[in-house]
Structures are given as C-alpha cells and as structure tokens.
A.B. asks: 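Below is one structure. I have some questions about it.
Note on naming: letters A, B, ... go to the chains in the order of the sequence lines (proteins, then strands), and numbering restarts at 1 for each one. Keep in mind that this is a model prediction, so the values were computed, not measured.
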Amino acid sequence: MRFFIEQVGLCGPGLTSWGSAQNILAGREPYSDGETIIPALSLLPSNERRRAPRLVKLALAALTDALPPRAEHPCDYASVFASSGGDGEAVHAIMETLAGTAPELSPTRFHHSVHNVAAGYWSIATGSRKATTSLCAQNGSFVAGLMEAGCQAASASEKVVLVAYDLPYPTPLSEVRPIGGTFAVCFLLSPHASDETIARIDFSLASAAPTLCRHAALEKYRRSIPAARALPLLECVARRENKTLTLAYREDCSATLDVTPVS
Amino acid sequence: MTPLPLHVTALSIVSALGDGLEPMWTAMSFNRSALAAAPTEQRLPLNAWIGKISDLDTPLPAPWLTYDCRNHRLVERALHADGLMAAIERAIAEYGASRIGLITATSTSGILSTEIAYRQRDPGTGALPAEFSYESTHNTDAIGSFLRARLGLNGPAFTLSTACAATAKAFAAAARLIDAGLCDAVLVGGADSLCDTTLFGFHSLGVMAEGPCRPFDTGRSGISIGEAGGFALLERAQNDAALPDFCLLGYGETSDAYHMSSPDPEGLGSEAAMRRALEQAGLEPGDINYIHMHGTATLAGDAAEDRAVTRVFGETVPRGSTKAATGHTLGATGMIGVATALLAIQNSFLPGNQNLTDLEPGFSSAHVRFGRSAPVKRVMCNAFGFGGVNCSLIFGSKG
C-alpha cells in the first residue's frame with residue numbers, strides 16, 4: 001500500500017511542534033527532555049473549550065500543529081483517531097461514582113468516556129461532515145491508525161488526517177496500565193504525490209524487530225507511550241532519509257515502511 | 001477501486017433473543033421482544049427495561065481465562081453460533097492465518113470488570129485487586145487481543161470504537177483492508193454487554209425509557225439497553241460458503257459535526273451517509289426494500305432520522321426499528337442490523353416495529369408496525385453514535 005505524507009503535527013515531551021522539533025529529530029539541535037506542554041486551543045467554541053478533557057486537547061494540539069486553522073482553507077478531511085485507551089480521567093471518575101452507594105453520573109463525563117471523544121470534538125470544531133474513525137490496537141494503535149488511514153486514502157482517493165495520542169491514566173488505573181508520558185502525532189496523508197508531498201511511504205506487514213530511535217532519550221518514550229511508536233518515522237522524515245523502517249505493531253506482526261523523501 | 005460487493009460467508013448473532021439467527025427469526029416472525037424490567041439489584045432510579053442475556057455465567061475455557069469478562073463470554077458464545085467457528089477454520093485453512101484481517105468493534109468493551117475492581121479496591125492503599133487485568137478485559141482492544149489469541153489469527157487487526165456506530169463502521173474498515181490487498185478475508189463484528197456505566201450514563205443524559213422503549217411512537221421516552229455480540233466473515237472471492245443473495249454492497253460514513261451526545265435535528269450527516277452508501281452500491285433509493293433504522297426511541301434521535309430517511313427515500317420504502325425486540329445493544333447494534341437484513345432477505349419478511357402503537361404525528365407512514373411477508377432483495381442498515389458518527393450499510397443481492 002502506497003501513500004504520501006503532506007503535513008506533520010507533534011506534541012510531546014521536549015517536542016512542542018513539528019516546526020521546532022525537526023532540527024532536534026534530525027540531530028541538528030540537542031534534545032532536552034521535559035513535560036509535554038499542551039497549548040491552549042483557539043479552535044473550539046468557548047463552551048466546548050471549557051469542557052474538553054486533556055486527552056481531547058492533546059489530540060487537537062497535534063492536529064492544529066499539522067493543520068493550522070485558516071479561514072480561507074477549511075479543514076475538511078476524513079480522519080482517523082488512534083489511541084491505546086480513552087479518556088482515563090473520565091473513566092476513573094465514573095468508576096469511583098459507580099462504586100458508591102447511590103451512583104449519579106455526570107452526563108458530560110459519560111459522553112467523554114467514549115473512545116471517539118476526540119473525534120467528536122474535532123468534527124464540531126472544524127464543522128467537517130467527513131467520516132471519522134476511532135480505533136485502538138493496544139500498544140500497536142499507531143500502526144493500526146496508519147494502516148486504516150492509508151486504506152481510507154487509497155479507497156476513497158482523498159486526503160485523510162491521522163492523529164495518534166496517549167496520556168497517562170490517573171491512579172489507580174495507571175498502576176495496571178502504565179503509560180510513560182504524554183504524546184500526540186498527526187499526519188496528513190494523500191493517495192497521490194503533489195507539490196505538498198514531503199515523503200512517500202510504501203506500507204506492508206511483516207514480522208520483524210522494530211527500528212529504534214536514534215536519540216536514546218526518545219527511545220524511552222517509544223517503548224513506553226504507544227503513540228510514540230511513530231518516533232522512528234518522525235526522525236526519518238526530519239532527516240529526509242531514504243530508509244526502510246520497522247514499526248512495532250502486534251507481538252507477532254510489525255509494519256514495514258519504505259520511506260522515500262520528496263523534495 | 002472498490003472491492004464491493006464483498007461476499008458474506010458466515011454470520012452469527014447472540015442477543016437476549018437467544019443464540020443464533022434461528023431464535024431471532026422466531027422472535028421476529030412472532031413479534032416477540034426480549035426486554036424485561038431491570039432487576040432491583042441494578043439500583044436504577046427508574047423503571048428501566050433491559051435486554052439481558054440470562055446465562056453469561058460460565059468463565060472462558062482455561063487457556064483464555066486471563067481474558068475472562070462478561071463481554072468476552074458473549075464473544076465466545078457468538079463464535080459458537082451459526083456455524084461461525086467452522087467457517088473461520090475453513091478460511092484459515094484456505095488463506096492462512098496472516099491473510100485474515102480482524103476488525104473488532106465495541107463501545108464499552110469489558111468495562112464491567114473495572115467497575116467490579118473499583119468496588120474491591122484496597123481500603124488502605126486504594127489499589128485495585130491483584131487479579132484484575134485491565135489490558136485483557138477493559139481496554140478498547142481487549143476484544144481484538146482475545147480473538148487473535150483465541151483463533152490464532154496473526155494478520156492485521158484493530159478494534160474500532162465509535163460508540164453505537166462501531167460494528168457498522170467495522171464493515172467499512174474491513175472492506176478497505178481487502179481493497180488494499182492486506183488480506184483475503186476479514187472477520188468483522190463485536191460485542192457490547194450490560195454494565196453500570198451505560199445504564200447510569202444514559203440515565204444521566206435523560207434518555208432512558210420508563211418501561212420498554214417505543215421507537216417512533218408519540219409516547220416514546222428513550223432507550224432500553226440490551227447486549228449483543230456477533231460476527232461476519234467477509235471474502236472477496238465467491239466460494240461455496242457464500243450466503244446466497246447476501247453481499248455487502250455499499251457503505252456510507254459521515255459526521256454530524258453538531259454535538260457530542262445529541263444528533264443534528266436536521267439529520268444532515270445521516271442523510272449524507274445514506275446517500276453515499278447508495279452511490280457506492282450504484283443503487284437508487286427505490287432499489288432498497290427495507291430500511292433497518294437506528295431508531296433508538298429517543299425523542300431527538302427518532303425525529304432526526306425519520307426526517308433524513310424520508311428526504312432520501314420518500315414515503316414508500318418500508319422502514320422500522322428492532323430496538324424494542326433486543327434493546328439498544330450500543331456498539332453491537334450494527335450486527336443486529338446485519339442479522340436482521342439477512343433474515344429479512346432469506347425469509348422475504350419485513351420485521352415489525354414493536355411497541356409502535358401511536359405513530360408520532362408527522363413521521364413517515366412507511367414504518368412497518370407488524371411484521372409481514374414481502375419480497376426483500378436489499379436492506380439498508382443505519383447505525384449512529386455519540387460524537388455525531390453516522391454509518392449506513394447496504395446488504396443484499398448484487399444483481
């Protein structure tokens with residue numbers, strides 16, 4: 001399966017945006033580890049902005065980094081949202097309430113507990129009626145999202161935006177499902193080469209050991225945050241390398257990406 | 001360009017109506033419902049009715065005990081209904097385990113296990129019980145991980161979770177996987193099971209019915225929740241196993257871009273999903289013989305869908321909801337739709353819309369109140385969900 005990357009967005013530890021992270025990922029500037037800073041969102045109407053959970057703000061940060069809102073250029077793409085879990089804060093609050101004697105749930109918390117909460121906020125923010133798909137493949141959610149987005153682009157012959165995002169759960173869920181940090185990555189994929197193309201990807205499935213990050217500090221996140229399994233691809237695109245990568249997917253199944261930079 | 005039509009070579013369904021297509025057909029032909037008043041230990045502050053599967057008490061077989069939870073017991077039951085297991089084994093022998101995709105779908109997965117674990121937290125430390133396994137029960141993809149292990153599949157797999165449109169959208173994702181050449185067949189489907197999260201959650205939104213739900217009735221007051229699981233095997237090649245006159249012909253997916261938990265009152269997104277499915281199938285509205293509506297019996301949802309369906313199909317194409325028979329099975333409702341479509345086509349029968357006594361004034365007169373015989377070649381199935389997700393599927397004969 002072949003598709004083309006046109007835009008990239010990023011929000012991760014010490015990686016505040018794709019624009020500023022490219023030099024770091026390419027090894028031209030030093031990496032300094034730090035907390036992920038989720039920027040304030042101008043995209044959402046004030047009602048939604050107030051209520052949006054952190055998970056949604058994280059996904060929308062990477063989306064708006066790749067696709068900054070522009071009045072003359074409405075953001076009208078089909079979308080794929082990949083996350084290894086839902087809004088842990090909402091789930092935790094609901095579980096605590098239900099464990100009590102007279103459960104009364106918050107309706108907002110309840111609709112935040114669905115896996116596709118970020119996709120719902122995104123379609124409201126952009127006004128796009130295009131299809132959105134939200135999916136999960138545990139630690140392999142990024143590759144699953146890339147596969148589904150690539151398939152969508154090919155079968156509908158139109159651009160598709162993919163966002164993968166994960167953040168740590170609150171205690172005690174964090175003890176049974178540890179996630180090593182907060183990370184979101186976004187790609188705008190096209191089925192065709194164009195003036196906007198930055199890399200061509202040939203995608204296939206195999207069973208091989210994953211490509212590691214070049215930065216030891218980032219390798220720690222690749223191993224502990226499911227969405228950060230995209231990091232070797234980000235490094236490769238930032239370095240404009242012609243390279244074959246293996247991205248971790250399922251225990252017995254990996255993705256092979258032949259990456260060809262396009263200038 | 002498009003892999004459609006795709007052949008359906010097996011289909012299984014389990015709901016409160018029973019295991020398999022046969023009890024579902026019996027219920028459909030006799031206008032029977034599986035809904036009953038929720039037991040008092042459910043602690044619900046209103047007289048809610050539910051579609052509960054009565055005997056999901058047997059743990060999973062030993063090798064898969066780590067995945068044991070109500071949702072996966074339901075999945076296991078669905079594997080054994082309607083000859084599905086034999087069909088999967090035949091497909092593995094034919095294509096190889098890495099060439100069979102697995103698109104699972106669920107809304108709440110095994111969240112009931114986490115509800116139980118939170119009731120058993122250590123009073124001192126707050127820790128969850130040691131035997132609780134989040135990843136193999138509650139994680140959205142627990143169902144996909146369970147089935148990969150259970151069936152020995154090692155091809156592409158993920159779990160789609162778009163609230164109540166989940167299993168419907170799984171068919172579209174499955175078709176794309178085959179289209180992209182990543183597999184030759186896809187096992188598609190999923191399950192959602194009863195839990196406090198959805199019972200109390202829908203109550204908090206004020207959309208739970210007092211008594212049994214009454215889709216499209218003027219006295220409707222909301223949903224009755226049910227549980228269901230089911231799977232279909234989709235293949236590009238037509239082989240001896242293909243169910244006669246039953247292919248996936250088209251799909252349409254859109255978003256409302258309106259509200260997280262309320263439908264767009266105009267139904268513009270759902271209208272676009274129906275039109276796209278028709279366009280992809282190369283069909284006109286008049287080519288559809290029955291519309292299995294999402295029809296959950298909420299005030300807003302039924303009104304928006306009725307309007308949208310009438311804009312696309314006019315007043316003549318028979319339509320209705322089966323939610324009063326099974327309850328709203330949330331993410332699994334797409335599978336109920338597909339199973340209903342198969343039974344309608346196989347038996348030349350239009351299912352009745354139970355509990356519909358006084359049609360809401362202004363709604364279409366094409367709602368089928370009581371099941372009746374009629375030729376059925378093609379069925380559209382609608383499924384809509386939180387986040388404004390819409391999906392319409394068309395099944396039936398390609399000719």
A.B. asks: State, with a plain yes or no, whether a side-chain heavy atom of A:F110 is found less than 4.5 Å away from one of B:F202.
C.D. replies: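 Yes; the side chains approach each other to less than 4.5 Å.
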A.B. asks: Sort B:D264 into side chain, backbone, both or neither according to what part of it lies under 4.5 angstrom from a heavy atom of chain A.
C.D. replies: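 B:D264 touches chain A through side-chain heavy atoms alone.
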A.B. asks: Under a 4.5 Å cut-off applied to non-hydrogen side-chain atoms, are A:C253 and B:N154 in contact?
C.D. replies: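 A:C253 does not reach B:N154 side chain to side chain.
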A.B. asks: Could you check, using the six-membered ring where one of them is a Trp, whether A:Y169 and B:Y134 have ring centers closer than 6.0 angstrom?
C.D. replies: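 Yes, ring centres under 6.0 Å apart.
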A.B. asks: Is it the side chain or the backbone of B:P45 that comes within 4.5 Å of chain A heavy atoms, both, or neither?
C.D. replies: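 For B:P45, neither part sits under 4.5 Å from chain A.
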A.B. asks: Tell me, out of B:Q120, B:E253, B:M260, who's got the most heavy-atom pairs with chain A below 4.5 Å.
C.D. replies: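 If we count pairs closer than 4.5 Å to chain A, B:M260 comes out on top.
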A.B. asks: Quick one: what part of A:S128 sits under 4.5 Å from any heavy atom of chain B, side chain, backbone, both or neither?
C.D. replies: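 Backbone of A:S128 only, per the 4.5 Å heavy-atom cut-off to chain B.
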A.B. asks: If I compare all heavy atoms of B:I111 with all of A:M95, which pair ends up nearest, and what's the gap?
C.D. replies: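 Minimum heavy-atom contact is CD1-CE, 3.6 Å.
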A.B. asks: So B:E115 and A:I94, do their side chains get closer than 4.5 Å, heavy atoms only?
C.D. replies: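 With C-beta onward as the side chain, the pair stays apart.
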A.B. asks: Could you check which of B:P156, B:S133, B:A172, B:S98 has the highest count of heavy-atom pairs closer than 4.5 Å to chain A?
C.D. replies: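 Looking at each of B:P156, B:S133, B:A172, B:S98 in turn, B:P156 comes out on top.
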A.B. asks: Non-hydrogen contacts under 4.5 angstrom with chain A: give the residues of residues 140-148 of chain B involved, or none if there are none.
C.D. replies: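 Within residues 140-148 of chain B, the residues under 4.5 Å from chain A are B:T140, B:D141, B:A142, B:S145, B:R148.
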A.B. asks: So for B:I116, is it side chain, backbone, both, or neither that comes closer than 4.5 Å to the heavy atoms of chain A?
C.D. replies: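 Contact with chain A: none, neither part.
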A.B. asks: Please classify the contact between B:Y258 and chain A as side chain, backbone, both or neither, with a heavy-atom cut-off of under 4.5 Å.
C.D. replies: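 Contact with chain A: backbone only.
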A.B. asks: With a 4.5 angstrom heavy-atom cut-off, could you sort out which part of A:V114 is near chain B: side chain, backbone, both or neither?
C.D. replies: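 Looking at A:V114, just its side chain touches chain B.
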A.B. asks: When only pairs under 4.5 Å are counted, which of B:V389, B:T197, B:T125, B:L182 shares the most heavy-atom pairs with chain A?
C.D. replies: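 Heavy-atom pair counts peak at B:T197.
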A.B. asks: Side chain, backbone, both or neither: which part of B:H203 has a heavy atom under 4.5 Å from chain A?
C.D. replies: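 Contact with chain A is absent: no heavy atom of B:H203 under 4.5 Å.
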A.B. asks: Which atoms of B:A157 are under 4.5 Å from chain A, going by heavy atoms: the side chain, the backbone, both sets, or neither?
C.D. replies: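 Contact with chain A is through both the backbone and side chain of B:A157.
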A.B. asks: Under a 4.5 Å heavy-atom cut-off, does chain A meet the side chain of B:R119, its backbone, both or neither?
C.D. replies: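 Both backbone and side chain.
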A.B. asks: Among B:L160, B:T162, B:T106, who wins on heavy-atom pairs under 4.5 Å with chain A?
C.D. replies: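 Of the candidates given, the most pairs with chain A belong to B:T162.
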A.B. asks: Using modelled atom types and a 3.5 Å cut-off, is there a donor and acceptor pairing between side-chain atoms of B:K169 and backbone atoms of A:A131?
C.D. replies: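 Here the side-chain-to-backbone pair does not exist.
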A.B. asks: Can you tell which part of B:D256 gets under 4.5 Å to a heavy atom of chain A, answering side chain, backbone, both or neither?
C.D. replies: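 For B:D256, the contact with chain A is made by the backbone alone.
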A.B. asks: Given B:S204, which of A:P107, A:P103, A:S106 fulfils the side chain to side chain contact (heavy atoms under 4.5 Å, CB included) condition?
C.D. replies: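 For B:S204, the side chain to side chain contact (heavy atoms under 4.5 Å, CB included) check succeeds only for A:P107.
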A.B. asks: Can you see which heavy atom on A:N116 is nearest to which on B:G387, and at what distance?
C.D. replies: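 In this case the closest contact between A:N116 and B:G387 is ND2-CA, 4.2 Å.
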A.B. asks: Given heavy-atom pairs under 4.5 angstrom as the criterion, report whether the side chain, backbone, both or neither of A:Y249 touches chain B.
C.D. replies: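 For A:Y249, the contact with chain B is made by the side chain alone.
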